[in-house]
Amino acid sequence: MELITKAPKGTVDIVPGKSEKWQVMEDVFRSEAELNGFGEVRTPVFEHTELFLRGVGDTTDVVEKQMYTFEDKGGRSITLRPEGTAGAVRAMLENGLYNAGYPVKLYYLTSCYRYEKPQAGRLRELHQFGVEMFGAAQPVADAQIIAMALSAFKRLGLEDVGLQLNSIGCPECRKEYHKALKEYFTARKDQLCDTCLSRLERNPMRILDCKSPECQEVAQGAPKITDYLCEDCKAHFAKVQEFLTALGIEFEIDPGLVRGLDYYTRTVFEFPSKSLGFALGGGGRYDGLVEEFGGKPTPGLGFGLGLDRIMMALEAQQVEFPQPVKCEAYIASMGDAAQTKALLLMEELHRCGIPADCDLCGRGLKAQMKYADKIGAKFTMVLGDNELEAGKAELKNMKTGEKRKIAISGQDFINDYVTVSTEAEDFSQDGIFF
Ligand code: HAM
């Protein structure tokens, strides 16, 4: 039985009570993206496995250990997306979005799938808000997307988000660096885990973000990429810092930050939550990825923010969310004719965008009023034969107890309802702002 009453390990349901908070959080990210001229991209939940092998990199933890890969009935190797960047790059190329001119700016709110060991802040189905920008090689673009993420965190009311920054150079300056890393780790081979031993030849930089404590200890003393940057990469990184400083954004340079995905070049960054102890998001430049996928050489950059973790941080910080209005008007009824009228009036209110409800469970009048109270109705109205005959009913303000007679047919009903409800409106609102 457990198999059908319990969601798979590492997944969560987001149910009413919680989903309203998610909508508020997502609205803030959506609006931040749109303020910055990004358009939404929706890509398939599954892609050809090859896309992630080539894009994310076949020596990364994500590809080596975490992908949900299967063969479909046509014998193709398919993978549930473990992240959003590779699919966004493919969609940009496949749909020729570059034809509209650079920069191409895309954003997504999406689920991703990684076979990880579930724990606080680590899920197998996770959700991300991400942005990807193509065709902007200048360091000002790096600073702008970082500022954008921080602005959204601020609008959400998150106070303890840091910014860690590094540059991991370009393929040119990495050649020397790889040599130095190989030398360093070869001399300490016996302290590395099996996965890292296999990475030593193919991609020694991956050893730097291995999760095994032994490898992490060895990595502490490894050569730092920042000492190997070429002049262009150094200048780019200095400019990014200059722009961030001009924007008043504080950051910490972390020469050990290499990120867990292979496509990055130059700027990489993460947003740690100081109180929760994990990253709320991360990103960077990937100037070689579009070409890797068969496009013309095109610079790219972006970030992915972990929505599940951000929600944890918001809750831990007890950020106030606006209370959703489930029901503004509840129309109670007694008898068949009144029930039909209640249904019609409720529909009229819905047409005007007013959340309204009526009895759907055959409750008695007392139970209907109790229910109206439970769902937080601001106004109630009781319809019976007398009201139908008079063509009027009392609209009760549940907060003040005040009752006003209003018409119950046609446009008069809406006009009267709007007059009474507008007079009673409370415009004060705390918490997250839009
Ligand atoms: P990432 O660092 O792998 O980057 O993931 C971004 C964020 O997703 C993480 O910082 C974390 O908040 C969240 N996250 C990752 N894995 C999990 C998990 N198992 N459970 C809960 N949250 C998780 C990327 O995915 C890149 N595509 C970001 C990017 C976009 N870079 C450039 N453009």
Side-chain angles (χ1 to χ4, degrees), residues 8-12 14 25 29 33 38 41 43 47 51-52 55-57 60-68 80-92 103-134 136 141-142 144-146 148-149 152-153 158 161-164 166 168 206 209 211 257-273 276-290 299-314:
K9 207 168 162 183
T11 69
V12 286
I14 301 166
M25 171 174 68
F29 286 122
F38 285 72
V41 62
T43 61
E47 298 270 3
L51 182 84
F52 302 115
V56 174
T60 57
D61 268 3
V62 168
V63 168
E64 281 190 324
K65 302 179 184 166
Q66 299 170 355
M67 291 208 308
Y68 280 89
L80 301 187
R81 69 173 157 242
E83 59 99 55
T85 309
V89 174
R90 182 203 46 71
M92 189 272 296
V104 176
K105 297 177 180 180
L106 305 176
Y107 81 90
Y108 46 83
L109 282 155
T110 199
S111 55
C112 302
Y113 301 85
R114 297 185 187 180
Y115 194 77
E116 293 205 75
K117 200 164 171 217
Q119 58 186 62
R122 196 181 293 161
L123 293 163
R124 290 183 175 169
E125 181 184 58
L126 59 127
H127 301 84
Q128 283 189 356
F129 164 70
V131 306
E132 312 295 348
M133 194 194 294
F134 303 97
D142 309 40
Q144 195 257 325
I145 62 155
I146 290 173
M148 181 178 161
F153 285 138
L158 276 181
V161 186
L163 168 60
Q164 286 172 337
N166 195 21
I168 56 169
R206 284 277 67 89
D209 66 343
K211 305 282 176 297
L257 180 70
V258 290
R259 307 270 301 134
L261 312 159
D262 267 356
Y263 46 64
Y264 292 112
T265 52
R266 294 192 164 172
T267 318
V268 288
F269 53 87
E270 274 185 1
F271 302 107
S273 157
L276 294 179
F278 44 61
L280 298 184
R285 246 185 202 283
Y286 45 84
D287 289 344
L289 190 56
V290 174
L301 70 163
F303 61 71
L305 309 182
L307 297 179
D308 312 87
R309 293 184 180 185
I310 292 168
M311 184 52 75
M312 276 178 79
L314 289 169

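Numbering of ligands and ligand atoms starts at 1, following listing order. Along the sequence shown, residues are numbered consecutively beginning with 1.
Using a 4.0 Å cut-off to heavy atoms of E83, the atoms of ligand 1 that qualify are 25 (O), 26 (C), 27 (N). Near G283, meaning under 4.0 Å from any of its heavy atoms, are these atoms of ligand 1: 31 (N).
Note: an N/O pair closer than 3.5 Å links L280 and ligand 1 by distance alone. When only interatomic distances are considered, the shortest N/O to N/O separation between Q128 and ligand 1 falls below 3.5 Å.
Y113 and E125 share a side-chain donor-acceptor pair at under 3.5 Å.
Distances from ligand 1 to the non-hydrogen atoms of D308 include no value under 4.0 Å. Taking a 4.0 Å cut-off on heavy atoms, G281 registers as neighbouring ligand 1.
Of all protein heavy atoms, the one closest to atom 15 (C) of ligand 1 is R114 NH1, 3.4 Å. With hydrogens left out, the protein atom closest to atom 33 (N) of ligand 1 is E132 OE1, 2.8 Å, a heavy atom. The protein non-hydrogen atom at the shortest distance from atom 23 (C) of ligand 1 is L126 CD1, 3.6 Å. Scanning the protein for heavy atoms near atom 20 (N) of ligand 1, the closest one is L123 N, 2.8 Å. Protein heavy atom nearest atom 22 (N) of ligand 1, with residue, atom name and distance: R309 NE, 3.5 Å. Regarding atom 12 (O) of ligand 1, its nearest protein heavy-atom neighbour is A279 O, 3.0 Å. For atom 7 (C) of ligand 1, the nearest protein heavy atom (residue, atom name, distance) is G304 O, 3.6 Å. Scanning the protein for heavy atoms near atom 24 (C) of ligand 1, the closest one is L261 CD1, 3.6 Å.
Side-chain atoms of M92 and E132, non-hydrogen and from C-beta on, never get closer than 4.5 Å to each other. Between R114 and V62 there is a side-chain heavy-atom pair separated by less than 4.5 Å. Within the 4.5 Å cutoff, side-chain heavy atoms of F303 are placed close to those of L305.
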Ignoring hydrogens and angles, write down the donor-acceptor pairs under 3.5 Å from the side chains of residues 260-272, residues two or more places apart or on other chains.
residue, atom, partner, partner atom, Å
D262, OD1, N203, ND2, 3.0
D262, OD1, R206, NH1, 2.4
D262, OD2, T59, OG1, 3.4
D262, OD2, N203, ND2, 3.1
Y263, OH, E83, OE1, 2.4
Y263, OH, T85, OG1, 3.1
Y264, OH, R259, NH2, 2.9
T265, OG1, D287, N, 2.9
R266, NH1, H236, ND1, 3.4
T267, OG1, D142, OD2, 2.6
E270, OE2, R259, NH1, 2.9

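Between the R309 side chain and the L280 main chain, no donor and acceptor come within less than 3.5 Å of each other. Side-chain N or O atoms of R124 include one that pairs as donor or acceptor with a backbone N or O of E116 at under 3.5 Å.
F278 and A120 get closest at one heavy-atom pair: CE2-O, 3.7 Å.
For Y115, the OH atom counts as loosely surrounded, since its 6.0 Å shell holds 12 or fewer non-hydrogen atoms of other residues, nucleotides or ligands.
Legend: residues meeting salt bridge (Lys or Arg N to Asp or Glu O under 4.0 Å) with R90, ordered by chain and number and at least two apart, are E47, E94.
Comparing heavy-atom distances from atom 31 (N) of ligand 1 across F278, Y264, Y286, Y263 singles out Y264 as nearest. Closest to atom 4 (O) of ligand 1 by heavy atom, among R285, H127, R259, is R259. Of the candidates G306, G121, P82, the one placing a heavy atom closest to atom 21 (C) of ligand 1 is G121.
With ring centers used as reference points, F129 lies under 6.0 Å from F29.
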